[in-house]
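Before any comments, here is the structure.
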There are 2 protein chains.
Amino acid sequence: MSASRTARERARAELTREITDTARRHLATAGASGLSLRAVARELGMVSSAVYRYFPSRDDLLTALIIDGYNDIGAAVERADAARDRGDHPGRWLAVCHAVRDWALAHPHEYALLYGSPVPGYHAPRETVAAAIRDTVVFGGIVADAHRAGALHPPDIGPTPPASFGGDAERLREVIPEVPDDIVARAVTMWTGLYGWVSFELFGQFNNTILDRAAAFDHNARCLAGLVGLTSSHGDRD
Amino acid sequence: MSASRTARERARAELTREITDTARRHLATAGASGLSLRAVARELGMVSSAVYRYFPSRDDLLTALIIDGYNDIGAAVERADAARDRGDHPGRWLAVCHAVRDWALAHPHEYALLYGSPVPGYHAPRETVAAAIRDTVVFGGIVADAHRAGALHPPDIGPTPPASFGGDAERLREVIPEVPDDIVARAVTMWTGLYGWVSFELFGQFNNTILDRAAAFDHNARCLAGLVGLTSSHGDRD
DNA sequence: CAATCTCAAGAGCACTGCTCTCGATTTGAT
DNA sequence: ATCAAATCGAGAGCAGTGCTCTTGAGATTG
């Protein structure tokens with residue numbers, strides 16, 4: 001696969017990019033269900049059937065946008081994590097939380113496409129999962145690093161994970177290596193808690209309730225971190 | 001407003017119910033975006049334009065379904081709470097968590113309609129919020145009851161809520177009366193954590209990751225309860 | 001040069017939400 | 001009991017959708 005074989009192939013690649021670009025713009029304004037293949041074609045000055053040469057169906061176009069979205073938020077999370085000192089585990093967690101929220105606020109419709117209700121009749125193909133776990137890998141790395149450094153002091157909260165969680169924990173250790181079951185379980189709670197907050201904020205559940213959302217979110221992220229005892233000794237901010 | 005004034009009004013009420021009923025059935029199979037006003041009319045043996053006599057637009061039909069959904073899950077949560085001894089605060093919290101998850105699993109498309117991505121162009125009217133907070137009121141009542149009974153022993157996890165949270169806390173105390181700011185903040189984390197878990201499970205984020213979901217969810221609910229120290233002394237199950 | 005492959009265009013199908021008009025029926029006041 | 005007013009179902013129609021198929025022009029390759 002050389003950089004550009006024939007003129008035709010180059011034109012094809014370019015047009016494919018143009019289609020996904022305008023589709024992403026339409027998605028940003030009209031949402032996933034308002035994404036019209038015909039409207040995209042119209043804006044590009046071509047007829048609707050021509051687009052089908054590039055994407056066999058609307059769902060395939062959606063898949064391309066989903067993969068792009070996962071990679072975009074994944075890269076944002078990786079950048080936020082990399083900008084922190086590797087030993088500052090609480091700071092890394094907070095930075096990553098804010099990266100997720102900031103990205104979601106900047107791309108609400110794309111976030112809804114990734115983490116909201118699945119579009120009916122659409123089944124995510126295999127290619128999406130590789131991109132989907134980029135942020136999860138970052139989360140797991142932070143918790144695993146903190147555990148390895150002996151920086152985790154989970155409070156005695158009571159419950160221990162059920163025995164049946166062992167298999168799931170083993171699978172999750174691919175992302176949070178060398179971490180015992182109970183901490184893996186609490187990491188999942190942190191994980192779902194983070195996205196639960198962002199989803200509630202974006203999907204309107206906080207309307208007329210929580211107004212200073214940035215501050216409340218930051219506190220929420222710190223509370224979640226406390227579940228595994230990932231607390232900074234001197235409480236620094238971003 | 002007597003039970004049934006004229007024959008016409010009775011027929012109208014009955015047909016309205018029939019429309020929402022079949023619409024809910026269609027919603028359950030095809031999802032919100034697959035809900036077709038024409039298909040509903042077809043199944044009822046009438047022409048599409050006739051339905052517009054009862055619901056001026058598809059969005060109004062959606063609103064009716066949303067209100068019904070909030071009331072349905074709200075009633076389920078209230079029932080689960082009422083079935084428990086009022087003094088068993090951890091048991092009430094767990095029962096309520098499982099009620100939410102069970103309802104969501106039984107009505108996935110309705111759950112997506114209520115807590116998933118908002119349908120583009122649709123703006124929830126005022127009537128929905130009254131029904132939307134029924135479950136929230138139950139949650140708040142449990143935490144408030146436990147606090148009043150002195151049964152809350154929140155672990156020292158570190159962060160204190162920012163000063164700007166005071167206003168939000170004051171507003172939230174309408175639902176969690178007499179509870180101090182820091183516990184209100186953690187209650188919000190419990191709240192978002194609960195729905196975050198259910199949404200992740202329903203929207204496919206746990207695929208190929210967490211398999212024994214009922215057990216993991218139960219543990220997740222107990223961990224969240226631990227955030228405010230709402231732990232049962234003798235760890236009873238449902 | 002010629003055969004092949006690629007692609008844009010257009011027509012068409014079945015579907016959607018929604019509007020408007022047109023008669024038929026029911027209602028409520030006279 | 002009568003009659004105007006309100007209500008309602010049916011139908012046609014508009015603009016839009018995803019998607020399929022055919023057609024003909026152009027680029028690519030032997």
Side-chain angles (χ1 to χ4, degrees), chain A residues 1-20 22-23 26-27 29-66 113 118-123, chain B residues 1-20 22-23 25-27 29-66 109 113 118-123:
Chain A
M1 250 172 253
S2 68
S4 58
R5 279 233 321 256
T6 78
R8 225 216 275 270
E9 288 196 2
R10 246 184 308 130
R12 180 182 183 84
E14 195 167 327
L15 229 169
T16 305
R17 258 191 55 81
E18 275 186 54
I19 291 174
T20 56
T22 74
H26 283 211
L27 175 74
T29 63
S33 70
L35 176 63
S36 158
L37 232 159
R38 290 179 109 114
V40 171
R42 209 177 304 132
E43 182 169 327
L44 258 53
M46 57 167 108
V47 86
S48 78
S49 60
V51 180
Y52 284 85
R53 298 263 170 207
Y54 299 85
F55 293 95
S57 82
R58 183 174 169 274
D59 280 6
D60 292 271
L61 179 54
L62 261 182
T63 297
L65 293 178
I66 288 174
L113 185 62
V119 316
Y122 174 81
H123 275 279
Chain B
M1 247 174 255
S2 67
S4 56
R5 282 236 316 256
T6 77
R8 191 179 251 170
E9 288 197 2
R10 248 184 308 131
R12 183 181 180 84
E14 195 168 327
L15 229 169
T16 305
R17 257 192 56 80
E18 277 186 52
I19 291 174
T20 56
T22 74
R25 278 209 339 273
H26 284 210
L27 176 73
T29 64
S33 71
L35 176 63
S36 158
L37 233 158
R38 290 179 109 114
V40 171
R42 211 177 303 132
E43 183 168 326
L44 259 53
M46 57 167 107
V47 88
S48 78
S49 60
V51 180
Y52 283 84
R53 301 266 175 205
Y54 298 85
F55 293 95
S57 81
R58 183 175 170 274
D59 281 6
D60 292 272
L61 179 54
L62 262 182
T63 297
L65 293 178
I66 288 175
H109 287 110
L113 185 62
V119 315
Y122 174 82
H123 276 280

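Numbers restart at 1 for each chain; the letters A, B, ... are given by sequence-line order, proteins then strands.
By the 6.0 Å contact criterion, CD on A:E43 is enclosed, its count of non-hydrogen atoms from other residues, nucleotides or ligands being greater than 12. The environment of B:R25 atom CZ is dense: over 12 non-hydrogen atoms of other residues, nucleotides or ligands sit within 6.0 angstrom.
In this entry the distance linking OH of A:Y52 with C1' of C:dG12 reads 14 Å, nearest Å. The separation between B:R10 atom CZ and C:dT26 atom C1' is 13 Å, rounded to whole Å. Straight-line distance from the CD atom of A:E9 to the C1' atom of C:dT6: 11 Å, rounded to whole Å. Note: CZ (B:F55) to P (C:dC18) measures 13 Å, nearest angstrom. Summarising the geometry, the separation between CG on B:L61 and C1' on C:dC18 is reported as 14 Å, rounded to the nearest angstrom. In this structure, the CG atom of B:D60 is 9 Å from the P atom of C:dC18, given to the nearest Å. Atom CG of B:D59 is separated from atom P of C:dC18 by 7 Å (rounded to the nearest Å).
For the residue pair B:L44 and B:I19, the shortest heavy atom distance occurs at CD2-CG1, 3.6 Å. Closest heavy-atom contact between A:L35 and A:R58: O-NE, 3.0 Å.
A:D60 and A:S57 share a side-chain donor-acceptor pair at under 3.5 Å.
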Show your reasoning for whether side chain to side chain contact (heavy atoms under 4.5 Å, CB included) applies to B:L37 and B:Y52. CA-CA 9 Å; B:L37 233 158; B:Y52 283 84; 3.8 Å; yes
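Between B:T20 atom OG1 and B:L27 atom CG the span is 11.5 Å, to the nearest 0.5 Å. Between atom CZ of residue A:R53 and atom CG of residue A:L15 there is a gap of 13.0 Å, rounded to the nearest 0.5 Å.
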Taking only N/O atoms, report every protein-nucleotides 6-10 of chain D pair under 3.5 Å with atom names and distance.
from   : atom 1 : to    : atom 2 : distance (Å)
D:dT7  : O4'    : B:R8  : NH1    : 3.2
D:dT7  : O2     : B:R8  : NH2    : 3.4
D:dC8  : OP1    : B:R12 : NH1    : 3.0
D:dC8  : OP2    : B:R12 : NH1    : 2.7
D:dG9  : OP1    : B:Y54 : OH     : 2.7
D:dG9  : N7     : B:R53 : NE     : 3.4
D:dG9  : O6     : B:R53 : NH2    : 2.5
D:dA10 : OP2    : B:V47 : N      : 3.3
D:dA10 : N7     : B:S49 : OG     : 3.2

Could you go through nucleotides 13-16 of chain D and list every protein N or O atom that sits under 3.5 Å from one of its N or O atoms, giving the distance for each pair?
from   : atom 1 : to    : atom 2 : distance (Å)
D:dG13 : O6     : B:R38 : NH2    : 3.4

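Summary of the strand contacts: A:P56 and A:A39 both lie near DNA chain D, and taking for each the nucleotide with the nearest heavy atom, the more 5' one is attributed to A:A39.
Looking at heavy-atom distances under 4.0 Å, B:L35 makes contact with sugar-phosphate atoms alone, never a base.
Side chain of B:R42 to main chain of B:S48: no donor-acceptor pair is present (N/O by atom type, distance under 3.5 Å, no hydrogens or angles).
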